Amino acid sequence: MARFTVNGKPVETERREKLLRFLRDELRLTSVKDGCSEGACGACTVLIDGKPTRACVPWTDRLEGKSVVTAEGLSDREKEVYTSAFGAAGAVQCGFCIPGMVMAAKGLLDKNPSPSREEVAFALRTNICRCTGYVKIIDAVLLAAELLRTGNSLPEETDWSVGARAPRIDVEEKVTGTGIYPDDVYLDGMLYASAVRSQYPRARVLAIHAEEARALPGVAGVFTAADVPGENKVGHLVKDWDTMIAVGDVTHYLGDAICLVAAETPEILEQAKELVRVDYEPLEPVRSPREAMLFDAPKLHPGGNLMAHRHIQRGNPAEAIAKSRYVLTQRFSTPWTEHAFLEPECAVAYPEGEGVVVLSSDQGAYDTQHEIMGMLGLPAELVKVRNCLVGGGFGGKEDVTVQHHAALAAYLLKRPVKVRLTRAESLLIHPKRHPMEMEFSLGCDENGIIQGVAAEVIADTGAYASLGGPVLERACTHGAGPYHYENYEIDGWAYYTNNPPAGAFRGFGVTQTCFCIESLLNRMADLVGISPWEIRYRNAIRPGQALPNGQIVDNSAGLVETLEAVKPYFDQGKYVGIACAMKNAGVGVGIPDTGRVRLRVEDGKVHIYAGASCIGQGLGTVLVQTVCDQTGLGRRDVVYHRSATDTSPDSGTTSGSRQTLFTGEACRRACRSLKAALEEQDLAALEGREFFGEYLGKTDPLGAKVPNPVSHIAYGYATQVCILDDEGRVEKIVAAHVMGRAVNPTAVEGQIQGGVVMSMGFALTERYPLEECRPTAKFGTLGLFRANQIPEVVPIIVEKEGLDVAGGAIGIGEITAIPTAPAIADAYYRYDGKFRTSLPLEDTPYVRK
């Protein structure tokens, strides 16, 4: 038995278990987040005798006489200070890491009330944040230190109009740990379920022996594909992903579910999974696209191994390049990348009448609903999906991973069920960033004016399609760069393999091809004899001109302005690299793309209902600011509700940097009706009234036979500059972004800083190695940047009018991560003369030893 105190109260336990599990499962102190259970992420940081400690490391039997403090144990003054400081600084995005950050900060400030910026960064070095890039978290800790020293408080923010630096609406619940993520849900009678996964990347399942597991006391059920009442195949766009692999069928990767086990406790669940025996016929796996395209390669899916092919051509690039004064041709490669969001996938489902309710953490509640409907064979009204807080996504939570399994078990057993991936399972199962092999040819005249570009792309889409088709399409459409020229051709192929699936990832394929075109453009500047800045300025797309895809850009096109914004930094740097990018806002290419918002007056307040996931980007805050701005109402008059299929209209997936524009415009339209009503009556008199807004962004299909097709409703533009010090380390990254109108400049800066640091990892340190289709990385070995490793990141917001929807706001979530890698690569080329064509970059001071 161990006796110790938790938040000043005595506790005792006879069980020997990790402190993390005791705090969460026994005491229900859910501010202590389980991000990895490996001691690597810091999300579970608590104070033990005043020292910041990761709660997943110590065992309870070693805590005799010690004092444990969690975020729930902060004083009221501390909660006020950290909430206001983190809100004012813009330090909170998805929020999953934040209680751990706060506890690490408290451990520092209790001993050092006036730390330097470097001391704060060092104190946070064991706490990973994947959203913010750490800059604003460090700002927040310094501000909290000042408030605690002086006894001052920050005034409450009163300006919630569009353009104001309002704090996020969910700051308090994320800082104090009271906000609910799916893993924080504990229901009476709740079961725990998990899948037995394949032992081979490719093998035929001959038999599943689950008798011993079913006989284990406390096991509620073991289910196979034969128990699926509807369609066994799910899939975001292509229904090719097996809910479970049926006997007689062949596995596609190591993450495939063979059977689903449900039990009364997590301990019994793990025992039962060990008792399941599966007979396999191992088969030779397909390890790469090159193997997949061989004539005698095994056919991994009924349609073959070619998942998608995209060909885009405008003009005659072959002839244009042949006539060019300067020509460069180069092969490039980019790797697998793991999203590494801090919250592993989790869902809780419970029966309701003849259907199920699913509490989820994903990027599209309606997409998840449709997947589950088909699997269970139920109509929409019997499948309700409600978003809890979402602990990061970056594209990695667009596909179902646990939601359908939780729904299936709850539906069959008529009891609540929680399904949660371990960090190791998460690293294996959800789709990653596509690795790509690419060849680009670029031709320019004597003045550096682009004459033509021709390219080929080969992508590994892994075991299943996921978003592989649209990712390949975006890689191809944006591979031309944000420049004005006519002759462009690209061929792209995505192949199935037996590797983990690849799908959406921040940048959505553009990150890969941008590395190629921007790197070549830097080399081309040297051939022409002008600066890399100048070659971009000469070729930059300008309002009224046509992109290589034929679309004529509107007045919001601001690439030139971003180049001008970074010019002073570019000119001052000794070892300086530069790159530009553009990224669409919205799905585009002729696909229906709709935002919807319903405003309802209840209890004297305006309630916002929109079926769009807020995954840390701050959509809820955007919508609240929009309502306040458009109607003149105060913050206290507006309530935001998270996405739920039974209460909110479908606003589409949180993908393609679309929600601020599409759902923001729908909200603005709903506000027009509300404002008109408020001109006649006060808010109290409108009780029960509803106001609906919808916006459909109409675009032309890819390859439309029109002179100037509208590929996307809007584009964002960016220029980033990387400056190295004399030792070859990244000293500063300057990121100028145009996004039309900045709804919340503080949030925009946070998006820029977070995207830059994420892609610094892509460029320099991150690795997701595979051996025989098996990932070998743990969370702590992925190479994620830490708070004490980041350089100065200077965000420059360039606002420009020209877009006539959403008040001119254009999404910025993805583009922030796109030009960073080629800018860093160019800086290193200026430093040592080595032209690096693969990522992560080799032979730099940031290479991990």
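Here the structure is a predicted model, which is why all the values come from computation and not from measurement.
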### Query
Given His712, which of Met582, Arg658, Arg474 fulfils the side chain to side chain contact (heavy atoms under 4.5 Å, CB included) condition?
Arg474
### Message
So which atom in Thr654 and which in Glu398 form the shortest heavy-atom distance, rounded to 0.1 Å?
### Response
O-OE2, 4.3 Å
### Task
Take the angle between the ring planes of His309 and Trp493 and call it parallel below 30°, perpendicular above 60°, tilted in between.
parallel
### Message
For Phe762, does the six-membered ring have the charged nitrogen or CZ of Arg433 within the cation-pi criterion, i.e. under 6.0 angstrom from the centroid and within 45° of the normal?
### Response
yes
### Query
Side-chain donor-acceptor pair under 3.5 Å between His478 and Asn549, yes or no?
no
### Task
Nearest 0.5 Å please: distance from the CD1 atom of Ile458 over to the CD atom of Glu439.
9.5 Å
### Query
Is there a side-chain contact between Pro840 and Pro335 (heavy atoms, below 4.5 Å)?
yes
### Donor-acceptor side-chain pairing of Ser466 and Asp399 below 3.5 angstrom
yes
### Query
In Å, rounded to the nearest 0.5 Å, how long is the span from CD of Gln720 to CD1 of Ile824?
8.5 Å
### Message
Walk me through whether His434 and Thr461 qualify under side-chain hydrogen bond (donor to acceptor under 3.5 Å, both in side chains).
### Response
CA-CA 6 Å; His434 286 76; Thr461 206; 3.1 Å; yes
### Task
Might you work through the side-chain hydrogen bond (donor to acceptor under 3.5 Å, both in side chains) test for Thr132 and Gln93, ending with a clear yes or no?
CA-CA 7 Å; Thr132 68; Gln93 291 189 28; 5.5 Å; no
### Query
Side-chain contact, heavy-atom cut-off 4.5 Å: Asp526 with Phe835?
no
#### Entry: salt bridge (Lys or Arg N to Asp or Glu O under 4.0 Å) partners of Glu561, counting only residues at least two apart
Lys800
### Candidate pair Lys432 and Phe505, rule side-chain contact (heavy atoms from CB on, under 4.5 Å), full reasoning
CA-CA 7 Å; Lys432 317 302 173 189; Phe505 196 120; 5.8 Å; no
### Summary
Correct closest heavy-atom pair for Asn305 and Ala297 would be ND2-CB, 3.9 Å
### Message
Test of understanding: with side chain to side chain contact (heavy atoms under 4.5 Å, CB included), list the residues that count as partners of Asp804, not counting sequence neighbours.
### Response
none
## Note on the structure
Taken to the nearest 0.5 Å, the spacing of Glu446 CD from Leu527 CG works out to 13.5 Å
### Query
Which heavy atom of Gln451 sits nearest a heavy atom of Ser324, and at what distance?
CB-OG, 3.3 Å
### Message
Quick test of your reading of the model: are Arg836 and Asp843 salt-bridged, counting only N-O distances below 4.0 Å?
### Response
no
### Task
Measure centre to centre between the rings of His301 and Tyr464, then say whether the value is under 6.0 Å.
yes
### Query
Rounded to the nearest 0.5 Å, how far does CD1 of Ile812 lie from NZ of Lys583?
13.0 Å
### Query
How long is the span from the CE atom in Met438 to the CD atom in Glu456, to the nearest 0.5 Å?
12.0 Å
### Query
Do we get Arg331 above Phe515's six-membered ring, with its NZ or CZ under 6.0 Å from the centre and within 45° of the axis?
no
### Minimum-distance pair of heavy atoms, taken over all atoms of Asn708 and Gly550
ND2-O, 2.7 Å
### Message
Is it true that Thr337 and Glu766 share a donor-acceptor pair across their side chains at a distance under 3.5 Å?
### Response
no
### Message
Please tell me whether Gln751 and Thr816 have a donor and an acceptor in their side chains that are separated by less than 3.5 angstrom.
### Response
no
### Partner residues of Phe508 under the ring-ring contact (aromatic ring centres under 6.0 Å, His included) criterion, sequence neighbours left out
none
### Query
Any side-chain heavy atom of Tyr828 sitting closer than 4.5 Å to one from Leu764?
yes
### Query
Do you know which two heavy atoms are closest between Val453 and Pro317, and how far apart they sit?
O-CB, 3.6 Å
### Query
What do you reckon, is OH of Tyr829 surrounded by more than 12 foreign heavy atoms closer than 6.0 Å?
yes
### Query
Given the rule in the side-chain hydrogen bond (donor to acceptor under 3.5 Å, both in side chains) test, do Glu291 and Tyr495 qualify, once you have shown the distances and angles that lead to the verdict?
CA-CA 9 Å; Glu291 290 185 11; Tyr495 286 92; over 6 Å; no
#### Entry: Ring geometry between Tyr485 and Tyr488 (parallel below 30°, tilted from 30 to 60°, perpendicular above 60°)
perpendicular
### Query
Going from CD1 on Ile810 to CD1 on Ile815, what distance comes out if it is rounded to the nearest 0.5 angstrom?
9.5 Å
### Task
Would you please test Asp460 and Met307 for side-chain contact (heavy atoms from CB on, under 4.5 Å) and show each step?
CA-CA 10 Å; Asp460 186 343; Met307 189 277 295; over 6 Å; no
### Query
With a 4.5 Å heavy-atom cut-off, do Arg130 and Phe341 have their side chains touching?
no
### Task
Looking only at non-hydrogen atoms, find the nearest pair between Pro482 and Glu518 and report the distance.
CD-OE2, 4.2 Å
